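Please read the structure below before turning to the comments.
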Amino acid sequence: MFEASDKPIALIDCNNFYVSCERLFDTSLHGIPVIILSNNDGCAVARSEEARALGIKMGAPAFKMRDFMERHGVKALSSNYTLYGDLSRRVVDVLHGYSPRLDPYSIDETFVDLSGFGDRMEAHAARMRQAVRTQVGIPTCVGIAPTKTLAKLANHAAKKNPIFGGVCNLMNPQVRDYVMDRIPIGEIWGVGPATEAKLIAQGVKTAAALRDLPMALSRKIGTVVLERLVAELRGIACIDFEDVPPQRKGMAVTRSSGTPMTTFDVLAQAVTAHATRAAEKLRQHGLVAGTLTVFFHTNPHKPDRPQHSASRSVRLRPMSNHTFDLVDAAVSAARRGWRGDPSGNGCGYTKAGVILDDLLPEADRPAMLFEPARPRDARLTDALDAINDRFGKKTMVLAREGFAGEWRLRADHRSPRYTTRISELPIVKL
DNA sequence: TCTGGGGTCCTAGGACCC
DNA sequence: TCTGGGGTCCTAGGACCC
C-alpha cells in the first residue's frame, strides 16, 4: 500500500539564523555569546553557540538573567525582523539556482528537491551551502533523506556532529540506522513535550525505537499525527513537498503591551493599530477576510492578580480588507468583550490581538445580494498604503489609534534595518 | 417493556512548529 | 517592573437536520 520513497529531499537550515544576520553587520559580535530577544525584549528567541554553551535556554525570560548575562558578557539584541526577512529572501534566491523545486518552510529553512542528481547529490548540496555562505554570508547545514521528517533528522545530525562536514546524507540505510539509534525522541520534528512523555512511559526513547513502534500502537498513543510520523521515519513520505505554497488559512497581528491596559480607550487604541496592520497585510497578499476575532487577556504569569481573558468574533460581510471595516469590527468586538468596573477601569490587559480567518483571494470575493449603499473606497486604502510605504510605517494612522502609544512595546536594543532603509544603511569608512 | 440513528457543521482547545 | 508572535493540524463535543 505504502512504498518507501527513494527521492532525496534536502533540508537546508541556517545556523543560529538571527544571530548570523546580526553578525553580518557587526563583527564585534563574533566569538562572543549573543542572544536575540523577542518582541517587547521579553525572552530569548535565538542564541549563538557561545550563549548555548553557557546554558541559556530558548524562551528564557530576559529579566531573570540580567545579572548572569552581565557576568558572562552576553550581548542581547532586540529582534529585527525586517532585516531577517530580507536576508531570508536572499538565501532562497540563491537556492533557486540549485534546484527547480523549493519548498521554503520557515524564515531559516527550505526543503530542496534533489531528485535527478544521483551520486552527485552530496557534492551538489555542499556547493549550494557554499553559495549561500559566499553570496549572502550566512552559514548553513544540510540534511538529505527520503522524507521530510528524516531530512530534519539528518539536518540535526549535520549540525551536532562535525564529522559530517555540514552535509549529512541519510539516503543510505546503514548510515540512517546508525544516526537514528543515537537521536533521542525529543529531538524529532513533531514530538513535543506531551508526546515525548507518553512515549518514554512506553519505553520508547530513540528515533530508531519510534520507527519500530507498531503503527496501531502509535495511533493509539498519538492519533493519526504520530502514526504518520512513524511512517515518515520508516521512509514512507506522508508530508507533501509543496513547491506551490497553499492558500493560507488565517492571519494574526498580536502584541504584548509595554504597560498594562486598564481603560477601554487604551485597549481600543491597541486593537485599532492591530486591525490596521492586519488590513495592510491582507492587501499586501491580495486577500479579503470573512471572519475577524479580537482577543485580550491579563498577564498569565501573575496568577495572584485578577485574571480575565476575552475573545469575540464577527463576520465581515461583505468580506473585506478595508482598514475602516476591520477597525470598526475590531473595536465593536472588543467593546463586547470588555469588562471593567463602573468607573471604567479594567483588569490591566497585557496582550491583545486581531485574528483574521476565512481568507480568500480578493478576485474570488463572493458578491453580496445587497451590497452596502456606500461601499468602502479602495482608493483611500491605496493612498494610505502608498504614503506609509514611501515615508515609513505609521506615517499616517487613524486618529483612533493615537500617537501616545501607551500600549506600545519596547525594543531598546534593535540593530539598524541595514538592507531595507536608506537612512539605516551601514557606513563604510576607508 | 420499549423513546433513533446517521450525517454535517461549527467551535474550543490541545499539540506542535519556528 | 519585566515571560514573543505567527502559524498549522487534529479531536471532541454540541447543535442541528432529516
Side-chain angles (χ1 to χ4, degrees), chain A residues 11 13-18 35-47 56-67 69 76 78-81 84-85 88 104-111 148-149 152 155-156 185-199 219-229 238-240 242 245-260 274 277-278 281 285 290-291 293 295 297-303 305 309-313 315 348 350-359 409-414:
Chain A
L11 174 67
D13 185 321
C14 302
N15 303 345
N16 315 320
F17 183 56
Y18 297 170
I35 63 169
I36 310 297
L37 300 173
S38 62
N39 267 326
N40 224 17
D41 290 344
C43 55
V45 294
R47 307 155 294 164
I56 296 176
K57 298 268 180 277
M58 207 56 172
F63 74 94
K64 281 191 183 169
M65 39 182 196
R66 201 137 295 161
D67 288 348
M69 295 202 305
S78 305
S79 36
N80 185 347
Y81 290 105
Y84 312 150
S88 173
Y105 172 65
S106 73
I107 195 163
D108 67 335
E109 294 164 276
T110 297
F111 290 105
K148 281 185 168 178
T149 305
K152 288 282 276 187
N155 193 285
H156 177 80
I185 47 163
E187 308 284 348
I188 300 169
W189 189 42
V191 177
T195 311
E196 182 185 21
K198 282 193 225 167
L199 287 171
R219 192 181 185 113
K220 220 175 115 193
I221 296 172
T223 76
V224 290
V225 180
L226 189 62
E227 191 180 33
R228 220 161 26 207
L229 200 158
C238 300
I239 304 172
D240 290 340
E242 284 165 348
Q247 160 76 52
R248 59 192 298 172
K249 309 247 181 329
M251 181 181 279
V253 177
T254 70
R255 290 285 178 280
S256 293
S257 76
T259 47
H274 302 340
R277 177 69 195 126
K281 275 168 77 173
H285 289 87
T291 305
T293 303
F295 78 86
H297 61 69
T298 47
N299 187 349
H301 300 289
K302 300 282 176 197
R305 292 186 202 162
S309 83
S311 163
R312 294 288 183 278
S313 297
R315 292 232 187 269
T350 52
K351 185 169 182 173
V354 168
I355 301 168
L356 302 172
D357 283 299
D358 304 331
L359 307 186
L409 48 79
R410 278 188 300 269
D412 298 336
H413 317 283
R414 201 189 68 213

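Nothing here was measured: the structure is a model prediction, and the numbers come from that model. Proteins come first, then strands; the chains are lettered A, B, ... in the order of their sequence lines, and each starts at number 1.
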Quiz item: Under a cut-off of 3.5 Å for both distances of each Watson-Crick or G-U pair, what dot-bracket string does DNA chain C give, using [ ] for crossing pairs and | for inter-strand pairs?
Solution: ....||||||||||||||
Quiz item: Using the C1' atom in both, what is the distance from C/dG4 to B/dC17, to the nearest Å?
Solution: 14 Å
Show me the protein contacts with nucleotides 10-16 of chain C, counting only N or O atoms at under 3.5 Å.
{"residue": "C/dC10", "atom": "OP1", "partner": "A/Arg228", "partner atom": "NH1", "Å": "3.1"}
{"residue": "C/dC10", "atom": "OP1", "partner": "A/Arg228", "partner atom": "NH2", "Å": "3.1"}

Exercise. Would you please name every residue forming a side-chain contact (heavy atoms from CB on, under 4.5 Å) with A/His285, sequence neighbours left out?
Key: A/Arg248, A/Met251, A/Leu287
Quiz item: With A/Arg219, which residues qualify under salt bridge (charged side-chain N to carboxylate O under 4.0 Å, His left out), at least two apart?
Solution: A/Glu227
Quiz item: Step by step, would you call A/Val225 with A/Thr195 a side-chain contact (heavy atoms from CB on, under 4.5 Å)?
Solution: CA-CA 11 Å; A/Val225 180; A/Thr195 311; over 6 Å; no
Quiz item: Rounding to a whole Å, what distance do you find between A/Glu242:CD and C/dC9:C1'?
Solution: 12 Å
Self-check item: Out of B/dC18, C/dG5, C/dT3, whichever nucleotide has its closest atom nearest the side chain of A/His301
Solution: C/dT3
Self-check item: Counterpart residues, side-chain contact (heavy atoms from CB on, under 4.5 Å), relative to A/Lys302 (two or more places apart)
Solution: A/Asn299, A/Asp304, A/Arg305
Practice problem: Please list, chain by chain and in numerical order, all residues satisfying salt bridge (charged side-chain N to carboxylate O under 4.0 Å, His left out) with A/Arg47, sequence neighbours excluded. | Solution: none
Quiz item: Under 4.0 angstrom, heavy atoms only, what part of the nucleic acid is A/Arg277 near: base, sugar-phosphate, or nothing?
Solution: nothing
Practice problem: Would you tell me if any nitrogen or oxygen in the side chain of A/Arg255 comes within less than 4.0 Å of OP1 or OP2 on C/dG6? | Solution: yes
Quiz item: Where along residues 56-63 of chain A does a heavy atom fall under 4.0 Å from DNA chain C?
Solution: A/Pro61, A/Phe63
Quiz prompt | Value in whole Å for how far the P atom of C/dT3 lies from CG of A/Asn40 | solution = 7 Å
Quiz prompt | Listed nucleotide nearest any side-chain atom of A/Lys249, set C/dT3, C/dT8, B/dC18 | solution = C/dT8
Practice problem: Determine, step by step, whether A/Gln247 and A/Leu359 satisfy the side-chain contact (heavy atoms from CB on, under 4.5 Å) criterion, reporting the C-alpha distance in whole Å, the side-chain angles of both residues, the deciding distance to 0.1 Å, and the verdict. | Solution: CA-CA 8 Å; A/Gln247 160 76 52; A/Leu359 307 186; 4.1 Å; yes
Quiz item: Taking only residues two or more places apart in sequence or in another chain, which ones pass side-chain contact (heavy atoms from CB on, under 4.5 Å) with A/Thr298?
Solution: A/Gln307, A/Cys347, A/Tyr349
Quiz item: Could you state the CG-P distance from A/Asn80 to C/dG5, rounded to the nearest angstrom?
Solution: 16 Å
Quiz prompt | side-chain N/O A/Arg248 vs C/dG7 OP1/OP2, d < 4.0 Å | solution = yes
Practice problem: Could you work out which one of B/dC18, C/dG6, C/dT3 sits closest to the side chain of A/Lys152? | Solution: B/dC18
Practice problem: Please name all residues satisfying salt bridge (charged side-chain N to carboxylate O under 4.0 Å, His left out) with A/Glu109, sequence neighbours left out, ordered by chain then number. | Solution: A/Lys152
Practice problem: Could you pull out all residues at least two apart from A/Tyr81 that satisfy ring-ring contact (aromatic ring centres under 6.0 Å, His included)? | Solution: A/Tyr18, A/Tyr84
Quiz item: Considering residues at least two apart in sequence or located in another chain, which fulfil the salt bridge (charged side-chain N to carboxylate O under 4.0 Å, His left out) criterion with A/Lys351?
Solution: none
Self-check item: Test side-chain contact (heavy atoms from CB on, under 4.5 Å) applied to A/Thr293 - qualifying residues, sequence neighbours left out
Solution: A/Thr291, A/Ser311, A/Ser313, A/Ile355
